[in-house]
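What follows is a set of notes on a single structure, which appears directly below.
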Amino acid sequence: MLAHLIRNATVVDGTGGPARAADVGVGDDGRIAVVTEPGHAPEARTTEDATGLVLAPGFVDPHTHYDAQLFWDPYATPSLNHGVTTVVGGNCGFTLAPLDPDRPGDADYTRRMMSKVEGMSLVALEQGAPWSWHTFGEYLDALDGRTAVNAGFMVGHCALRRYVMGPDAIGGQPTTDRLGRMVALLHDAMDAGAWGLSTTRSSTHTDGDGRPVASRHALPAELLALSRAVGEHEGTQLEAIVAGCLDQFEDDEIDLLVEMSAAAGRPLNWNVLTVDAAVPERVPRQLIPSERARKAGGRIVALTMPILTPMNMSLGTFCALNLIPGWGEILSLPVPQRIAKLRDPAVRAEMLRRADSREAGVFRRLAHFGRYVIGDTYTPRNAGLTGRVVGDIAAERGQDPFRCLVEICANDDLRTVLWPMPTDNDPDSWALRAQTWQHEDVLLGGSDAGAHLDRMCGAPYTTRFIGDCLRGRKLVGLEEAVKMLTDDPARLFGLRDRGRIVEGHHADLVLFDPERIDAGPATLVHDLPGGSPRLDAKAIGIVSVRVNGVETIRNDEVTGAVPGKVLRSGRDTRTVSTR
């Protein structure tokens with residue numbers, strides 16, 4: 001007898017093949033026991049009628065930062081609500097393990113780094129996770145059996161460097177002995193189930209003290225030694241971030257990415273590929289590493305988001321505005337001095353010049369201040385401004401938009417929340433995106449779910465994208481959209497028996513209403529440990545989510561079940577060779 005039977009569903013199985021009516025039965029082992037024509041399935045202890053609903057494989061999010069959140073939120077909300085049943089963590093070179101037992105202060109360093117570089121609440125990191133581990137294996141063990149989602153983790157280069165080199169990891173180079181210890185530590189992590197190595201050389205990544213994070217100091221020889229180690233383990237990967245990921249790669253960055261993938265003989269993914277018809281040369285440039293890697297015996301995959309994810313800004317707290325060249329020095333001043341500088345016309349003029357320069361790269365898009373929308377305000381002087389466009393307010397006041405924005409924020413002691421309107425929401429950019437998605441080395445994803453919690457909410461990209469495909473722009477068909485979110489990432493990471501609705505696969509399943517599937521607007525909630533805020537978004541039209549056969553979501557509410565698995569390399573992933 002089946003454990004559960006879903007009758008009369010419209011099954012979109014993840015292969016890209018046409019949707020079909022079917023009954024899908026789940027066995028007691030949490031796997032799909034039968035996929036058959038309606039009315040032909042065996043009896044089941046529980047059944048549900050899915051007439052008019054679509055049944056798809058659980059979505060796979062290839063780039064998250066749920067490394068800490070899973071300890072206080074085993075449901076990985078809101079990703080699970082939006083149909084994500086498998087998350088990939090440990091990205092961008094940042095992980096919570098390993099930690100040297102002889103340096104207990106490293107845990108505090110790691111928390112402060114994660115708070116700064118990934119926008120996580122420091123209070124939540126301190127209060128919400130046990131910090132009971134030292135090895136990477138112990139970290140994975142601490143999560144085993146307590147999550148509602150399946151989760152796999154890369155091991156972060158920054159943690160490896162810090163463990164072996166201590167404070168010398170910032171600015172120093174490893175001796176031959178230290179490099180050997182770093183490689184051995186990586187081997188230990190992969191033996192325990194780490195999916196491979198993640199690293200960063202991005203100029204935007206700084207630690208809690210404002211210094212470049214540890215992996216930014218690594219030379220190519222170190223990265224290649226670690227990459228070769230990755231190639232010695234079953235079911236492993238590479239993930240790398242370099243400065244050019246944000247705009248356009250430099251030649252030496254292309255060389256490094258290609259050499260790393262070829263040395264490992266494993267796929268390397270990076271994020272995020274931004275697509276903008278106003279910068280037509282960007283996509284071809286960013287796909288050069290993929291073309292060269294295939295010739296060199298590697299594979300390089302670009303992650304790109306299928307939606308535009310709003311990200312709020314503030315002149316009062318660290319955000320993307322701080323990353324514009326020359327802006328960080330001003331925006332890190334104490335608030336009174338910061339306001340005085342911002343009110344200086346000469347300072348504003350120089351800030352605008354730097355923001356519109358080539359060195360600003362992708363951050364140039366943030367300099368269109370007339371397109372900002374005012375969010376939350378905190379003083380009667382700003383009453384009635386919430387929801388209004390800065391350009392309109394500036395015209396009424398006879399001010400240029402940046403000066404107008406500064407005065408509004410200064411009235412709130414810089415606490416005003418700002419929402420920049422996207423500059424790339426035009427038909428030509430969407431047409432270019434649809435074309436780019438068809439490239440064999442482009443994968444949908446890059447939500448950053450679990451990070452930048454009070455600034456953005458990328459987790460709902462799955463439901464927004466499918467809703468857009470069904471009722472909006474319709475850039476791809478439903479079957480192809482589901483494949484992009486399920487089988488494609490499952491194949492890249494070599495997930496064993498996941499990503500498709502076929503007999504024998506794990507029953508990671510999403511049941512949704514095609515007439516309604518979507519995501520609600522991002523709203524601020526205060527549900528992190530210590531009452532810290534984060535942005536959340538409701539799932540619309542998601543009827544049920546099952547992980548390993550067990551229902552975890554029903555009508556956007558968690559059931560309390562935690563059937564997820566920590567997915568370990570080799571056991572749960574197979575090698576995706578590039579040779």
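We number each residue from 1, following the sequence as shown.
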Which heavy atom of [X] sits nearest to which heavy atom of [Y], and what is that distance?
X: Q237; Y: V230; result: O-CG1, 3.4 Å
X: R161; Y: P174; result: NH2-CD, 3.5 Å
X: A519; Y: P460; result: CB-CB, 3.5 Å
X: P78; Y: A459; result: CG-CB, 3.7 Å
X: I241; Y: N271; result: CD1-OD1, 3.1 Å
X: L238; Y: A264; result: CD1-CB, 3.7 Å

Does the side chain of [X] come under 3.5 Å of the side chain of [Y] through a donor N or O and an acceptor N or O?
X: R534; Y: T77; result: yes
X: D61; Y: S79; result: no
X: D426; Y: S429; result: yes
X: S202; Y: T200; result: no
X: R282; Y: T274; result: yes
X: T463; Y: H82; result: yes

Any side-chain heavy-atom pair from [X] and [Y] closer than 4.5 angstrom?
X: E350; Y: V347; value: no
X: D424; Y: R433; value: yes
X: V155; Y: P98; value: yes
X: H526; Y: P533; value: yes
X: L96; Y: F153; value: no
X: L443; Y: P62; value: yes
X: L528; Y: M120; value: no
X: V373; Y: R388; value: no

Examine distances only and state if a side-chain atom of [X] and a backbone atom of [Y] form a donor-acceptor pair shorter than 3.5 Å.
X: S115; Y: R111; answer: no
X: E253; Y: V242; answer: no
X: D247; Y: G244; answer: no
X: T64; Y: V88; answer: yes
X: T386; Y: G375; answer: yes
X: D412; Y: T377; answer: no
X: H63; Y: G446; answer: no
X: D448; Y: A451; answer: no
X: S357; Y: R354; answer: yes
X: R364; Y: I324; answer: no

So does [X] pair up with [Y], basic N to acidic O under 4.0 Å?
X: R285; Y: D251; answer: yes
X: D207; Y: R216; answer: no
X: D209; Y: R112; answer: yes
X: D100; Y: R162; answer: no

State the [atom1]-[atom2] distance between [X] and [Y], to the nearest 0.5 angstrom.
X: S261; Y: R292; atom1: OG; atom2: CZ; result: 12.0 Å
X: H205; Y: S215; atom1: NE2; atom2: OG; result: 8.5 Å
X: L303; Y: D441; atom1: CG; atom2: CG; result: 11.5 Å
X: Q173; Y: L219; atom1: CD; atom2: CG; result: 4.0 Å
X: D106; Y: M113; atom1: CG; atom2: CE; result: 10.0 Å
X: T423; Y: L366; atom1: OG1; atom2: CG; result: 9.0 Å

| Which pairs with one or both residues in residues 310-348 pass ring-ring contact (aromatic ring centres under 6.0 Å, His included), sequence neighbours excluded? | W327-F369, W327-F402
| message | Applying ring-ring contact (aromatic ring centres under 6.0 Å, His included) as the test, list every pair that has at least one member in residues 374-398; sequence neighbours left out. | response |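 Every pair satisfying ring-ring contact (aromatic ring centres under 6.0 Å, His included) with a residue in residues 374-398: there are none.
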| message | Surrounding NZ of K116 (heavy atoms of other residues, nucleotides or ligands, distance under 6.0 Å), is the total greater than 12? | response | yes
| Hey, mind stepping through M182 and L185 against side chain to side chain contact (heavy atoms under 4.5 Å, CB included) and telling me if it holds? | CA-CA 5 Å; M182 209 182 303; L185 195 62; 5.6 Å; no
| D468: side-chain contact (heavy atoms from CB on, under 4.5 Å) partners, not counting sequence neighbours | R473
| field | Test applied, side-chain contact (heavy atoms from CB on, under 4.5 Å); reference residue, C457; option that passes from T523, L535, N312, T309 | value | L535
| task | Could you walk me through whether T416 and L315 pass side chain to side chain contact (heavy atoms under 4.5 Å, CB included), step by step? | result | CA-CA 8 Å; T416 316; L315 296 178; over 6 Å; no
| request: Report the relative orientation of the aromatic rings in Y139 and F136; use parallel for angles under 30°, tilted for 30 to 60°, perpendicular for over 60°. | output: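 Y139 and F136: tilted rings.
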| request: For I393 and Y372, run side chain to side chain contact (heavy atoms under 4.5 Å, CB included): C-alpha distance rounded to whole Å, both residues' side-chain angles, the deciding distance at 0.1 Å, then the answer. | output: CA-CA 11 Å; I393 304 169; Y372 278 53; over 6 Å; no
| request: Could you check R338 against L331 for side chain to side chain contact (heavy atoms under 4.5 Å, CB included), going step by step and ending with a plain yes or no? | output: CA-CA 6 Å; R338 200 180 318 172; L331 297 184; 4.1 Å; yes
